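Read the structure below first, then the notes.
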Amino acid sequence: MKLFIIGNGFDIGHGLPTQYWDFRKYLENVYPDFLYAFEEHYYIYPRMADAEKAKLLWNELETNLANIDEDVIIENGVSVDMDLEGGDVGIEDTLYQYFSDEYSYIERLAKYLKQWVRTIKIRDTKKKSSLITDEAIYITFNYTAVLENVYGISPSKITHIHGSLRQYDIEPVLGHGNQERIERILEKKEEAEHLFDEKWTSICRVVEDYYKRTYKDVNRYAVRLPRLDAKTIDEICVVGHSLAGVDRTYFNRIDNMTMHRLTWKVYYYRPEEKDRLRNNLIDAGVESDRIEMVPSSEFYDL
């Protein structure tokens, strides 16, 4: 039995508009004020070229969520005049609430992500591969139901590792894996507390909250991985996933669960992707001699 690991490239390969840039288009059409305020935190402005906006944020949205300039945020926050009678002394909670409101957009981002996914229509999507059958099991990082609705795969054989729109599934998950950012802001908060600077402390707390709210704790979601056994699975196939970023931890765990015995067949779309994908999987702990690189044309055979 094969184990398929499915990434967003699978949906894109079926002609679905599921790139994060498509999410940005949705926000621009439906919530433009939110979009421009959100992008401004990453120094993206309306007149900037689309290619630059994509590079700074949208090409790797989850990874880039942690790339706010916390030093500028702290500097600007400290200079804000709250116009309170007692100055900034003894009002840490008030300041914290004020700055929390200023940087609460991440909660709305997750809400709008779910709304956007609901607009992606898969009714007319056609099968593109004869390899996707009910004889395999699937771990998908996608929120859509292409496997269920287009290929007729039993939901019991599919794990939506980061959630889906199914009623019995968890909410779609969006987040970065930059633990160093969290540790750094904790050090700044400790310094501010040591100096009894309530405004600085409150801003550091807000930035800390932002990092933690946007942090994808893979250990929390790894428990959703199905029980895997090298005796029943004979091959692992990766379709449409970059094998990079915070998700790399999952691949290491899957390889551990299958006793480091199985071949990983990785389908690539462009020849220039081969080395990068292979190296990403090696970084996840898979030996090079167990990695087979295959052009995606051999997967999309219908």
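A quick note: this is a predicted structure, and the numbers were derived from the prediction, not measured.
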Looking only at side-chain N and O atoms, does Glu62 offer a donor or acceptor that is under 3.5 Å from a partner on His162? no
If I take atom CG from residue Asp275 and atom CD1 from residue Ile282, how far apart are they, to the nearest 0.5 angstrom? 9.0 Å
Flag if over 12 foreign heavy atoms under 6.0 Å of CD, Glu60: no
Beyond-backbone contact of Asn64 with Leu56, side-chain heavy atoms, under 4.5 angstrom: no
If you count every heavy atom of other residues, nucleotides or ligands that lies below 6.0 Å from Asn29 atom CG, does the total exceed 12? yes
Nearest 0.5 angstrom please: Phe23 CZ to Leu113 CG, how far? 5.0 Å
Nearest non-hydrogen partners of Asp247 and His241, listed with the distance: OD2-NE2, 3.3 Å
Qualifying residue, where the test is side-chain contact (heavy atoms from CB on, under 4.5 Å) with Ile291 and the options are Leu277, Ile236, Leu281: Leu281
Would you compute the distance between atom CG of Leu3 and atom OG1 of Thr258 and round it to the nearest 0.5 angstrom? 8.0 Å
Evaluate the side-chain proximity of Tyr20 to Arg24: yes if any heavy-atom separation is below 4.5 Å, no if none is. no
Tyr31 side-chain N/O to Tyr26 backbone N/O, donor-acceptor pair under 3.5 Å: no
Please assess Leu186 against Ile182 for the test side-chain contact (heavy atoms from CB on, under 4.5 Å), listing each intermediate value before the final yes or no. CA-CA 6 Å; Leu186 286 173; Ile182 296 175; 4.1 Å; yes
Check whether any side-chain heavy atom of Phe299 sits under 4.5 Å from a side-chain heavy atom of Leu131, and report yes or no. yes
Within the 3.5 Å criterion, strictly below it, is a donor on Ser154 or Asp134 matched to an acceptor on the partner's side chain? no
Looking at Glu180, I'd like to know if its CD atom is crowded, meaning that more than 12 non-hydrogen atoms belonging to other residues, nucleotides or ligands lie closer than 6.0 Å. no
Pairwise distance CH2(Trp21) to CG(Asn59) - rounded to 0.5 angstrom: 8.5 Å
Scan side-chain atoms only and decide if Asp283 and Asn279 contain a donor-acceptor pair under the 3.5 Å cut-off. no
Donor-acceptor check, side chain of Lys128 to backbone of Gly13, threshold 3.5 angstrom: yes or no? yes
Would you say the side-chain atoms of Tyr36 pair up with the backbone N or O of Glu28, donor to acceptor, closer than 3.5 Å? no
Does Asp11 use its side chain to pair, donor to acceptor, with the backbone of Val146 at less than 3.5 Å? no
Could you tell me whether the side chain of His160 and the main chain of Asn142 form a donor-acceptor pair under 3.5 Å? yes
Checking Tyr42 against Leu65 for the side-chain contact (heavy atoms from CB on, under 4.5 Å) test, could you report, in this order, the C-alpha distance in whole Å, the side-chain angles of both residues, the deciding distance, and whether it holds? CA-CA 9 Å; Tyr42 299 87; Leu65 281 175; 3.8 Å; yes
Heavy-atom closest pair, residues Glu39 and Trp58: OE2-NE1, 2.8 Å
Take atom CD in Glu190; do more than 12 heavy atoms of anything else shown fall under 6.0 Å from it? no
Heavy-atom distance under 4.5 Å between the side chains of Phe4 and Leu147, does that happen here? no
With the side chain counted from C-beta on, respond yes when Glu191 and Trp200 share a heavy-atom pair under 4.5 Å apart, and no when they do not. yes
Is a side-chain donor or acceptor of Arg224 paired with a backbone partner of Thr159 at a separation under 3.5 angstrom? no
Counting distance only, does the side-chain N/O of Asp234 pair as donor-acceptor with the main-chain N or O of Met1 below 3.5 Å? yes
Heavy atoms of Lys2 and Cys237 approach each other most closely as CD-SG, 4.2 Å
Would you call Tyr143 and Thr18 a side-chain contact if the rule is heavy atoms closer than 4.5 Å? no
Donor-acceptor under 3.5 Å (Arg205 side chain, Lys189 main chain): no
Taking every heavy atom of Ile153 against every heavy atom of Lys157, the minimum-distance pair comes out as CG2-CB, 4.3 Å
Donor-acceptor side-chain pairing of Asp255 and Trp264 below 3.5 angstrom: yes
Using the rule given for side-chain contact (heavy atoms from CB on, under 4.5 Å), can you reason through Glu235 versus Leu262, listing the C-alpha separation, both sets of side-chain angles and the distance that settles it, and then say yes or no? CA-CA 6 Å; Glu235 189 174 55; Leu262 301 182; over 6 Å; no
Any link between Tyr269 and Met293 through a network of hydrophobic side chains (Ile, Leu, Val, Met, Phe, Trp, Tyr) touching at under 4.5 Å? no
Rounded to the nearest 0.5 Å, how far does CG of Leu228 lie from CD1 of Ile137? 5.5 Å
Nearest heavy-atom approach of Glu148 to Pro155 is CG-CG, 4.4 Å
Short N-O contact, Lys212 and Glu208, less than 4.0 angstrom: yes
Can Met259 be reached from Ile254 by stepping across I, L, V, M, F, W or Y side chains whose heavy atoms are under 4.5 Å apart? no
Please answer: with hydrophobic residues joined when any side-chain heavy atoms are less than 4.5 Å apart, are Tyr43 and Leu27 in the same cluster? yes
Validation row: Lys274, Pro295 side chains within 4.5 angstrom (heavy atoms): no
Atom pair CG (Leu57) and NE2 (His41), whose distance is rounded to the nearest 0.5 Å: 11.5 Å
Taking Ile132 as the starting point, is it possible to reach Ile12 by hopping between hydrophobic residues whose side chains are less than 4.5 Å apart? no
Within the structure provided, determine whether Tyr250 and Phe141 are in side-chain contact (heavy-atom separation under 4.5 Å). yes
Can you list, pair by pair, the side-chain donor-acceptor contacts under 3.5 Å of residues 44-54, counting residues two or more places apart and other chains?
{"residue": "Lys53", "atom": "NZ", "partner": "Pro46", "partner atom": "O", "Å": "3.0"}

Establish whether Leu302 and Ile122 are linked, either directly or via other cluster members, by ILVMFWY side-chain heavy-atom contacts under 4.5 Å. no
Crowded around Tyr300 OH? As in, over 12 foreign heavy atoms under 6.0 Å? yes
Determine the minimum heavy-atom distance between Arg290 and Gly285, stating which atoms define it. NH2-O, 4.4 Å
Let's go through Ile185 and Lys188 carefully: what are the C-alpha distance in whole Å and the side-chain angles of both, what is the deciding distance for side-chain contact (heavy atoms from CB on, under 4.5 Å) to 0.1 Å, and is it a yes or a no? CA-CA 5 Å; Ile185 196 62; Lys188 291 182 180 180; 4.1 Å; yes
Could you tell me whether the side chain of Tyr151 and the main chain of Ser129 form a donor-acceptor pair under 3.5 Å? yes
